[in-house]
Participant: 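Mind looking over this structure? Questions follow.
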Amino acid sequence: MRKSYLDNIRWVTVVLVVFFHVLYMYNGEGIAGTLGKITSLEVQYYDVYMYIVFPWFMAILFIVSGISAKLYLDKHTDKEFIRSRTTRLLVPCTIGLVAFQFIQGYINMSFGDAGSMDIPAVIKYLIMLASGIGVLWYIQVLWLFSMVLILIRKIEKNRLLNIGKKTNLPALILLSLAFYGAGQILNTPIICVYRFGLYFTAFITGYYVFSHDKVIDILKKWFGLFCPVAIALGAAFCIKYFGRNYADKPVNRSPLFLFYSYFACLAILGGFARFFDSETKFTKWMSTHSFGLYVFHYLGISAVALFPAKAGLISPLAAYILSLIAGFAGGYGLYAIISRIPFFRWAVLGISAKK
């Protein structure tokens with residue numbers, strides 16, 4: 001049985017990611033890899049939105065992915081799971097790079113000096129492919145975690161699931177220490193989105209802990225506790241770290257970052273399970289199109305930034321508005337087109353030929 005609140009968390013989070021990337025593209029905090037500040041404002045206070053959502057929005061997606069893996073494996077074999085996840089996740093971030101996402105790589109390179117470097121064309125193309133990974137890092141890492149999960153299942157033989165089923169309120173609170181510890185390890189340098197320790201912990205607790213209805217019932221019951229705790233931690237995080245690079249150390253390994261991330265995830269799971277566990281035509285459409293929006297939205301945002309915004313052809317306000325429109329229109333539009341082209345729907349979106 002599909003759980004509507006999980007679908008709603010997923011599509012709402014992806015929408016928030018689009019808004020995040022618009023602000024991220026023109027951020028005034030000196031975070032590299034984007035066009036950067038284009039306004040004349042001394043401080044872009046609205047950039048605080050990035051600090052509000054960044055600590056938790058990928059963590060919650062990995063938790064939801066862990067829960068979804070459990071629901072899938074309840075009705076399918078390990079081989080079916082491996083085949084499904086390989087098609088859906090690995091194909092788009094490998095073959096999809098060569099088939100389409102190299103375009104994103106070209107745009108990303110054009111923001112800096114890499115595009116004009118005097119290097120062999122083959123090397124430049126390989127750099128372009130690597131740069132084109134962009135937002136696909138999430139499905140890349142999710143595929144890896146999914147394969148590791150199969151190995152863990154073969155070893156533990158559901159013993160961990162039985163332990164996870166017994167998780168109570170004190171245990172949920174204590175799990176925050178695991179999140180904090182995980183946030184300190186397996187963080188890659190330079191490309192700081194690859195936080196294997198933190199995100200694997202989110203994924204694996206999604207599978208072994210948050211996939212149990214009894215645990216979700218606790219989150220629903222204690223939503224009134226977790227929500228204000230998350231808000232308080234989030235406010236403290238924003239006040240302390242606004243203006244600093246939230247995506248890299250030491251900020252992204254700080255207690256405030258990681259405890260805020262964890263308790264925000266608890267509040268979101270409990271809140272959506274309690275208040276948004278239903279489906280309408282709108283939410284169903286948003287849910288079925290959320291993957292396409294995630295895969296394609298950044299291309300539209302970055303194209304606006306590179307061409308009219310970087311050249312100064314439009315005002316800063318117009319750049320923000322056009323980037324937001326391009327993020328949604330480009331995301332949904334490209335999904336509508338590519339999902340209908342046989343080879344590309346498989347290579348870029350991981351949609352099986354059987355569907």
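All residue numbers refer to positions in the sequence shown, counting from 1.
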Participant: Would you indicate whether the side-chain heavy atoms of Val98 and Tyr125 approach each other to under 4.5 Å?
Facilitator: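 Yes. Closest side-chain heavy atoms under 4.5 Å.
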Participant: Show your working on side-chain contact (heavy atoms from CB on, under 4.5 Å) between Val64 and Thr13 and close with a plain yes or no.
Facilitator: CA-CA 11 Å; Val64 169; Thr13 304; over 6 Å; no
Participant: Please say yes or no: joined through hydrophobic side-chain contacts below 4.5 Å, possibly via intermediate residues, are Ile239 and Val48 part of one cluster?
Facilitator: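 No, separate clusters.
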Participant: Check Leu129 against Phe102 and note the closest heavy-atom contact, atom names and distance.
Facilitator: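 Reported closest heavy-atom pair: CD2-CB, 3.8 Å.
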Participant: Hey, what do you get for CD1 (Ile268) to CH2 (Trp56), rounding to the nearest 0.5 Å?
Facilitator: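 Nearest 0.5 Å value for the CD1-CH2 distance: 4.0 Å.
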Participant: Please tell me whether Ile321 and Leu299 are part of a single hydrophobic cluster in this structure, the criterion being side-chain heavy atoms less than 4.5 Å apart.
Facilitator: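 Different clusters.
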Participant: Checking ring pair (Phe, Tyr, Trp, His ring centres under 6.0 Å) between Phe145 and each of Tyr207, Phe62, Tyr199, which is the one that passes?
Facilitator: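 Among Tyr207, Phe62, Tyr199, the one that satisfies the ring pair (Phe, Tyr, Trp, His ring centres under 6.0 Å) with Phe145 is Phe62.
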Participant: Measure from NZ or CZ of Arg153 to the centre of the six-membered ring of Phe81 and say whether it is under 6.0 Å with the direction within 45° of the ring axis.
Facilitator: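 Judged by the rule (NZ or CZ under 6.0 Å from the ring centre, within 45° of its axis), Arg153 is not positioned above Phe81.
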Participant: In terms of relative ring orientation, are Tyr24 and Phe20 parallel, tilted or perpendicular, with 30° and 60° separating the classes?
Facilitator: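 Taking Phe20 first and then Tyr24, their aromatic rings lie parallel (interplane angle under 30°).
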Participant: Just wondering, more than 12 heavy atoms not from Leu177 lying within 6.0 Å of its CG?
Facilitator: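 Check passes, neighbour count above 12.
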Participant: Between Ser4 (side chain only) and Asp277 (backbone N and O only), is there a donor and an acceptor less than 3.5 Å apart?
Facilitator: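 Absent.
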Participant: Can you measure from CD1 (Ile107) to CD (Gln101) and round to the nearest 0.5 angstrom?
Facilitator: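 Here the rounded value is 10.5 Å.
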Participant: Could you please spell out the steps behind the ring-ring contact (aromatic ring centres under 6.0 Å, His included) verdict for Phe296 and Tyr335?
Facilitator: CA-CA 7 Å; Phe296 296 122; Tyr335 178 72; 7.1 Å; no
Participant: Verify whether the ring centers belonging to Phe19 and Phe328 lie closer than 6.0 Å.
Facilitator: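 Ring-ring flag for Phe19/Phe328: true, centres closer than 6.0 Å.
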Participant: What's the separation between atom CG in Leu269 and atom OH in Tyr5, rounded to the nearest 0.5 Å?
Facilitator: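 Atom-to-atom, Leu269:CG and Tyr5:OH are 6.5 Å apart.
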Participant: Does Asp217 come within less than 4.0 Å of Lys214, counting only side-chain N to carboxylate O?
Facilitator: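 Result for this pair is no, no salt bridge flagged.
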Participant: Hey, could you give me the CG/OG distance between Leu233 and Ser176, rounded to the nearest 0.5 Å?
Facilitator: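 Answer for the CG-OG pair, Leu233 versus Ser176, is 9.5 Å.
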Participant: Is there a side-chain contact between Phe291 and Arg10 in this structure, where contact means two heavy atoms from C-beta onward sitting under 4.5 Å apart?
Facilitator: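 They are not in contact (no side-chain heavy atoms under 4.5 Å apart), so the answer is no.
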Participant: Other residues, nucleotides and ligands only: do more than 12 of their heavy atoms fall within 6.0 Å of CG on Leu313?
Facilitator: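 It does: Leu313 CG has more than 12 such atoms within range.
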Participant: Indicate yes or no: at least one non-hydrogen side-chain atom of Leu35 is less than 4.5 angstrom from one of Leu306.
Facilitator: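 No - every pair of side-chain heavy atoms lies 4.5 Å or more apart.
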Participant: Below 4.0 angstrom, N of the basic side chain to O of the carboxylate: do Asp213 and Lys3 qualify?
Facilitator: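 A salt bridge is present here (some side-chain N lies under 4.0 Å from a carboxylate O).
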Participant: Could you walk me through whether Leu149 and Leu73 satisfy the side-chain contact (heavy atoms from CB on, under 4.5 Å) test, starting with their C-alpha distance in whole Å, then the side-chain angles of each, then the deciding distance to 0.1 Å, before giving a yes or no?
Facilitator: CA-CA 11 Å; Leu149 172 64; Leu73 283 164; 4.1 Å; yes
Participant: Nearest heavy-atom pair of Gln104 and Ser302: which atoms, and what distance?
Facilitator: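 The answer is NE2-OG, 3.0 Å.
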Participant: Under a 3.5 Å distance rule, please check whether Thr205 uses its side chain to pair with a backbone N or O of Ala202 as donor and acceptor.
Facilitator: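 Here the side-chain-to-backbone pair exists.
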Participant: Decide whether Tyr45 and Ile52 are clustered together by the hydrophobic rule: side chain heavy atoms of Ile, Leu, Val, Met, Phe, Trp, Tyr closer than 4.5 Å, transitively.
Facilitator: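 Same hydrophobic cluster.
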Participant: Any chance you could measure Tyr262, atom OH, to Leu198, atom CG, to the nearest 0.5 Å?
Facilitator: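 One gets 12.0 Å once the value is rounded to the nearest 0.5 Å.
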Participant: Will you find, in the side chains of Gln140 and Tyr194, an N or O donor that is under 3.5 Å from an N or O acceptor?
Facilitator: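 Yes.
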Participant: Check whether any side-chain N or O of Thr86 sits under 3.5 Å from a backbone N or O of Ile82 as a donor-acceptor pair, and report yes or no.
Facilitator: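 Indeed, once roles are kept as given, a pair shorter than 3.5 Å links the two residues.
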Participant: Closest approach of Val135 and Val295, non-hydrogen atoms and distance?
Facilitator: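 Looks like CG2-O, 4.0 Å.
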Participant: Below 4.5 Å, heavy atoms only, C-beta onward: do Asn187 and Cys192 meet side chain to side chain?
Facilitator: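 No. Closest side-chain heavy atoms not under 4.5 Å.
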Participant: Please name the pair of heavy atoms, one in Thr167 and one in Gly164, separated by the smallest distance, quoted to 0.1 Å.
Facilitator: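 Where Thr167 meets Gly164 most closely, the heavy atoms are OG1-O, 2.7 Å.
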Participant: Are the aromatic rings of Tyr51 and Tyr246 close, with centres under 6.0 Å apart?
Facilitator: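 Ring-ring flag for Tyr51/Tyr246: true, centres closer than 6.0 Å.
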Participant: Quick one: do Phe54 and Val251 satisfy side-chain contact (heavy atoms from CB on, under 4.5 Å)? Show the steps, please.
Facilitator: CA-CA 12 Å; Phe54 183 81; Val251 177; over 6 Å; no
Participant: If you count every heavy atom of other residues, nucleotides or ligands that lies below 6.0 Å from Tyr332 atom OH, does the total exceed 12?
Facilitator: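 It does: Tyr332 OH has more than 12 such atoms within range.
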Participant: Counting N and O atoms only, with roles assigned by atom type, does the side chain of Arg195 sit under 3.5 Å from a partner on the main chain of Gly183, one being a donor and the other an acceptor?
Facilitator: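 Yes; judged by distance alone, with no hydrogens or angles, the pair exists.
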Participant: Tell me, do Pro250 and Arg244 make a side-chain contact under 4.5 Å, heavy atoms counted?
Facilitator: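 In contact.
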Participant: Can Leu317 be reached from Phe307 by stepping across I, L, V, M, F, W or Y side chains whose heavy atoms are under 4.5 Å apart?
Facilitator: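 No, Phe307 and Leu317 fall in different hydrophobic clusters.
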Participant: Are the side chain of Ser261 and the backbone of Phe257 linked by a donor-acceptor contact shorter than 3.5 Å?
Facilitator: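 Absent.
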Participant: Measure across Ala305 and Phe111 and return the closest heavy-atom pair with its distance rounded to 0.1 Å.
Facilitator: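 In terms of heavy atoms, the two residues are closest at CB-CZ, 3.9 Å.
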Participant: Within the side chain of Gln184, is there an N or O that forms a donor-acceptor pair under 3.5 Å with the backbone of Arg253?
Facilitator: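 Flag set: sc Gln184 to bb Arg253 pair under 3.5 Å.
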Participant: Do Leu136 and Tyr298 have side chains that get closer than 4.5 Å, going by heavy atoms?
Facilitator: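 Not in contact.
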Participant: Taking all non-hydrogen atoms of both residues, which atom of Ala59 and which atom of Pro55 are closest, and how far apart?
Facilitator: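 For Ala59 and Pro55, the tightest heavy-atom pair comes out as CB-O, 4.5 Å.
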Participant: Would the Phe259 and Phe237 ring centres measure less than 6.0 Å apart?
Facilitator: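 Not close enough - the centres of the two rings lie 6.0 Å or further apart.
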Participant: Are Tyr208 and Ile163 close enough that some pair of their side-chain heavy atoms sits under 4.5 Å apart?
Facilitator: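 No, every pair of side-chain atoms sits at 4.5 Å or beyond.
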Participant: Determine whether the aromatic ring centres of Phe200 and Phe196 lie less than 6.0 Å apart.
Facilitator: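 Aromatic pair excluded; centres sit 6.0 Å or further apart.
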Participant: Could you tell me whether the side chain of His297 and the main chain of Tyr294 form a donor-acceptor pair under 3.5 Å?
Facilitator: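 Yes; judged by distance alone, with no hydrogens or angles, the pair exists.
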Participant: Are Tyr320 and Tyr26, when compared by the centres of their aromatic rings, separated by less than 6.0 Å?
Facilitator: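 Yes: the rings meet the under 6.0 Å criterion.
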Participant: Hey, what do you get for CG (Leu6) to OG (Ser287), rounding to the nearest 0.5 Å?
Facilitator: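 Atom-to-atom, Leu6:CG and Ser287:OG are 9.5 Å apart.
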Participant: Are Trp143 and Ile152 connected, step by step, through hydrophobic side chains (Ile, Leu, Val, Met, Phe, Trp, Tyr) whose heavy atoms are closer than 4.5 Å?
Facilitator: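 Hydrophobic grouping puts Trp143 with Ile152.
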Participant: How about Val15 and Trp11: do any of their side-chain heavy atoms sit closer than 4.5 Å?
Facilitator: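 Yes; the side chains approach each other to less than 4.5 Å.
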Participant: Would you please test His21 and Thr34 for side-chain contact (heavy atoms from CB on, under 4.5 Å) and show each step?
Facilitator: CA-CA 10 Å; His21 276 138; Thr34 68; over 6 Å; no
Participant: Give a yes or no on whether the backbone of Gly105 and the side-chain of Asn108 come within a donor-acceptor separation of less than 3.5 Å.
Facilitator: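 No, the answer is negative, given that no donor and acceptor are paired below the 3.5 Å cut-off.
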Participant: Please answer whether the main-chain N or O of Ile155 pairs with a side-chain N or O of Arg159 as donor and acceptor at a distance below 3.5 Å.
Facilitator: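 Side chain of Arg159 to backbone of Ile155, a donor-acceptor pair under 3.5 Å: yes, one is there.
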Participant: Please check: side-chain N/O of Ser131 versus main-chain N/O of Met128, any donor-acceptor pairing under 3.5 Å?
Facilitator: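 Checking the backbone N and O of Met128 against the side chain of Ser131, no donor-acceptor pair under 3.5 Å is found.
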